[in-house]
Amino acid sequence: MSFDLQLIVESLPVMLMGIGITFKLLVISGVLGLLLAICLLLMRISGLWYLNIPAQIYIYVFRGTPILVQIFIVYYGLPQFESVRESIFWPILREPTGCAILALSLNTGAYVSEILRGGVLGVDKGVLEAGSALGMSAHQKFIYITTPIATRLALPAYSNDVISLLKSTALASTITIADMTGIARTIVADTYAPYEIFISLAVVYMIFTFGLQKLFGIIEGYLGQYTKRE
Amino acid sequence: MDVLAGWWDDYFWGAVVVGKVFFCSLALMIIFGLLGAMAKLSNSRVAQKIAGAYTVVFRGTPEILVVLLLYFGSAVVLTAIAQVFNPEIKFVDVPPFWAGTIAISIIVGSYATETFRGAFLGVHPGSIEAARALGMSDLQTFVYVRIPEMWRLALPPFGNHMLSLVKDTALISIIGLNETMFVAKQAITVTGKPFTMYIVVGAIYLGFSTVVTLFVMGAEKFGERTTVGAK
Amino acid sequence: MSIPENRPLIQMQNVNKFFGDFQALKNVNLEVRKGERIVVCGPSGSGKSTMIRCINRLEEHTDGHIVIDGNTLTDKVKDINAVRREVGMVFQNFNLFPHMTIVKNLMIAQQLVRNTSKNDARETAMFYLERVKIPEQAQKYPIQLSGGQQQRVAIARALCMKPEIMLFDEPTSALDPEMINEVLEVMVDLAKEGMTMICVTHEMGFARSVADRIIFMDLGEIVEEAAPEEFFDNPKSERTKKFLSQILSH
């Protein structure tokens with residue numbers, strides 16, 4: 001049994017054709033998820049029980065169930081309902097890509113909201129008190145003090161979540177999407193060469209991951225300027 | 001709801017499979033994690049490099065890919081080996097249970113490596129010194145001083161690893177494991193109610209997650225009973 | 001030293017504060033007139049910090065009345081903000097905004113709370129930075145300054161809001177010994193100019209030279225109040241005597 005380099009050379013370009021879809025899934029789900037996370041965060045810290053409790057339940061359910069199940073519920077499950085099939089969202093929900101983005105966004109939103117909340121809780125209470133003493137309103141404190149500091153605190157955990165999101169995009173292949181993993185599985189089915197294909201694909205993901213880590217490292221360095229004593 | 005009648009049995013056995021995967025992968029995950037952590041903390045540069053590669057590779061690769069690779073890859077290897085002995089054999093199958101369990105153990109084990117490593121480093125050097133000064137052997141120090149302090153430090157992130165194991169089990173359905181997702185698939189072809197069936201799957205997994213979370217909370221309380229207030 | 005006027009700026013009447021079952025303040029009655037310099041001392045847990053934190057509503061008093069310059073302190077945001085505009089606070093741990101430059105630290109509240117223009121805010125900021133003798137640090141971040149410098153910035157930040165009253169909550173307790181004086185000097189200057197101030201501190205030298213009145217608190221109550229000479233030379237209560245012997249022996 002030999003390692004067929006020729007096969008890798010031929011297959012990589014084909015698999016990389018899926019990188020556009022992978023990227024699209026990552027970015028759109030990432031952005032939508034972040035927006036959702038901010039909403040959930042505000043609900044959690046609002047102090048109002050009728051916002052806090054539903055947010056907690058949402059987060060609990062979406063963090064407690066496998067992302068694959070969530071994807072299947074959206075893609076295979078929603079069409080069960082006539083109201084869904086007749087709604088204005090149907091064109092999106094009929095397509096696997098739309099479903100994948102929806103499921104990934106809902107999922108990452110739950111995780112990121114907890115990460116953001118961790119950042120918010122990490123802001124030094126004394127600094128907030130100084131803001132109060134100076135007469136700043138709760139609103140002003142949240143925008144000018146909490147948000148900048150919490151963002152920096154949340155960044156390392158957030159970067160981990162983005163990497164998780166990248167890995168979750170591979171699950172889109174289970175609902176017929178031709179992302180990199182989807183293409184790879186097709187090739188493996190044809191060639192019976194799982195090692196060459198999957199390992200080379202794994203390397204592609206690892207490079208992608210490495211790139212994301214470097215990117216976040218730069219952002220962390222920029223945001224963390226005020227923490228360096230020099 | 002009556003559409004589910006008759007499927008509860010199958011779901012139950014599917015849930016049992018999830019439980020089995022959990023316990024097997026938990027044991028393996030702890031082993032991989034401890035080996036990785038000890039390799040990283042050891043003095044051998046080779047061991048450190050290997051453990052380093054282990055964490056980088058499996059934290060940067062999609063879980064589904066590892067599952068697929070292990071499943072199809074081991075089938076290819078075993079078939080090749082079997083064909084050496086008996087050229088008639090066309091294909092040797094690997095049970096999805098083991099391919100999947102080992103795959104998720106390896107993956108989560110790479111995260112556990114970092115967790116255990118951090119926890120070992122977090123043990124107060126003073127406690128170790130005291131043990132040495134009292135004449136305890138390395139093994140005794142490890143068992144009576146390091147481990148007790150270390151598992152308490154590792155517990156919160158370790159709880160998350162256990163939850164990952166629970167949820168990653170769903171991935172193994174892709175390679176044919178007869179757990180709840182698989183049951184749902186069959187139920188759908190008969191009942192035509194995909195939403196209902198997958199919601200049940202979600203509820204079962206949520207149940208497992210809840211049990212694990214409660215267990216971790218209990219373990220944290222247990223760990224605290226001798227340390228809270230002692231500071 | 002300027003002479004205090006007769007106008008009461010702070011009035012605390014029968015103030016009690018409970019944290020759950022624990023009573024932090026017992027029937028506190030305090031009147032501070034404009035221009036008075038008050039030093040509050042006492043053992044830890046005596047309620048001194050709690051008392052001054054009630055004045056700018058960082059703590060809520062459980063019962064009693066607090067009136068600041070005619071404004072009664074209630075739950076209403078309007079009332080609280082009216083009070084906080086008049087009262088400046090300096091914290092033990094400085095609490096500078098870590099993510100803003102020094103000058104921005106001094107400008108932000110002016111812009112947000114008083115709607116001051118950026119240029120005016122900057123002018124005021126630089127004025128007070130020079131008052132506390134560190135104008136060259138304007139573009140630095142708090143982490144790059146020493147403790148003493150940070151505390152002086154904190155004082156300048158409070159002064160930029162042109163408060164009627166300054167509250168100091170153990171301003172030098174978190175400082176290394178060699179930096180205490182630079183901060184006390186600023187506070188003495190402020191006192192000389194007639195700023196109404198309440199200072200919770202253990203610095204008895206400062207108290208003796210600057211205070212119009214020294215208040216000794218213990219277990220949530222005001223035990224004794226007197227002018228410095230009387231307080232130090234002729235303490236009336238046993239508890240006061242005990243406290244003085246403990247802190248003045250070194």
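Scope of the values below: all heavy atoms of this structure, side chains included, with no hydrogens, waters or symmetry mates. Everything numeric in this text was worked out from a predicted model, so none of it was measured. In what follows, every chain begins at residue 1, and chains take the letters A, B, ... in the order their sequences are listed.
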Checklist line | Residue selection (most heavy-atom pairs with chain B, distance under 4.5 Å) from A/Q213, A/R63, A/M206 | finding: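 Greatest number of close heavy-atom pairs with chain B: A/M206.
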Notebook entry, point to check: Do other residues, nucleotides or ligands put more than 12 heavy atoms under 6.0 Å from the CH2 atom of B/W151?
Noted result: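 For B/W151, atom CH2 is crowded (more than 12 foreign heavy atoms under 6.0 Å).
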Checklist line | Proximal component of B/V212, with respect to chain A [non-hydrogen, under 4.5 Å] | finding: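 Neither part.
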Margin query: Does any backbone or side-chain atom of B/S173 lie under 4.5 Å from a heavy atom of chain A? Answer side chain, backbone, both or neither.
Written below: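 The side chain, not the backbone.
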Note to self: Could you report the tightest heavy-atom contact between B/G60 and A/T209, atom names first, then the distance?
What the structure shows: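 Scanning both residues, the minimum pair turns out to be O-OG1, 3.4 Å.
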Checklist line | Backbone N/O of B/R59 and side chain of A/K167: donor-acceptor pair under 3.5 Å | finding: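 Side chain of A/K167 to backbone of B/R59: a pair is present.
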Next item on the list: Side chain from CB out, backbone as N, CA, C, O: work out which of these in B/S74 comes under 4.5 Å of a heavy atom of chain A, or both, or neither.
Entry: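 Backbone only.
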Next item on the list: Return yes if some donor-acceptor pair links the side-chain N/O of B/Y198 with the main-chain N/O of A/Y76 below 3.5 Å, else return no.
Entry: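 Absent.
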Checklist line | Side chain / backbone / both / neither for B/F58 at chain A, heavy atoms under 4.5 Å | finding: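 Only the backbone of B/F58 comes within 4.5 Å of chain A.
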Notebook entry, point to check: Using a cut-off of under 4.5 Å for heavy-atom pairs, which of A/V69, A/I67, A/N160 has the most such pairs with chain B?
Noted result: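 Between A/V69, A/I67, A/N160, the count favours A/V69.
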Note to self: Less than 4.5 Å to any heavy atom of chain B: does that hold for the side chain of A/L78, its backbone, both, or neither?
What the structure shows: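 Both parts, backbone and side chain.
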Checklist line | Point-to-point distance, once rounded to the nearest 0.5 Å, from NZ of B/K193 to CZ of A/F81 | finding: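 Output value for this atom pair is 8.0 Å.
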Next item on the list: Measure the spacing between CG of B/L65 and OG of A/S173 and express it to the nearest 0.5 Å.
Entry: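 That separation rounds to 8.5 Å.
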Check: Is A/Q80 reaching over with its side chain to a backbone N or O of B/T196, donor-acceptor style, under 3.5 angstrom?
Finding: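 Yes: the side chain of A/Q80 pairs with the backbone of B/T196.
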Next item on the list: Please look at B/I204 and chain A and tell me whether the side chain, the backbone, both or neither of the residue comes under 4.5 angstrom of a heavy atom of that chain.
Entry: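 Contact with chain A is absent: no heavy atom of B/I204 under 4.5 Å.
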Margin query: Heavy-atom cut-off 4.5 Å, strictly under: side chain, backbone, both or neither for A/V204 against chain B?
Written below: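 For A/V204, no heavy atom lies under 4.5 Å from chain B.
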Notebook entry, point to check: Checking heavy atoms, do the side chain of B/L69, its backbone, both or neither come under 4.5 Å from chain A?
Noted result: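 Contact with chain A: backbone and side chain both.
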Notebook entry, point to check: Side-chain donor-acceptor pair under 3.5 Å between A/Y60 and B/S209, yes or no?
Noted result: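 No pair is found: no donor N or O on one side chain lies under 3.5 Å from an acceptor on the other.
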Next item on the list: Just give me the residue among B/T169, B/L163, B/I199 that pairs up with chain A most often, heavy atom to heavy atom, under 4.5 Å.
Entry: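 Option with the top pair count is B/I199.
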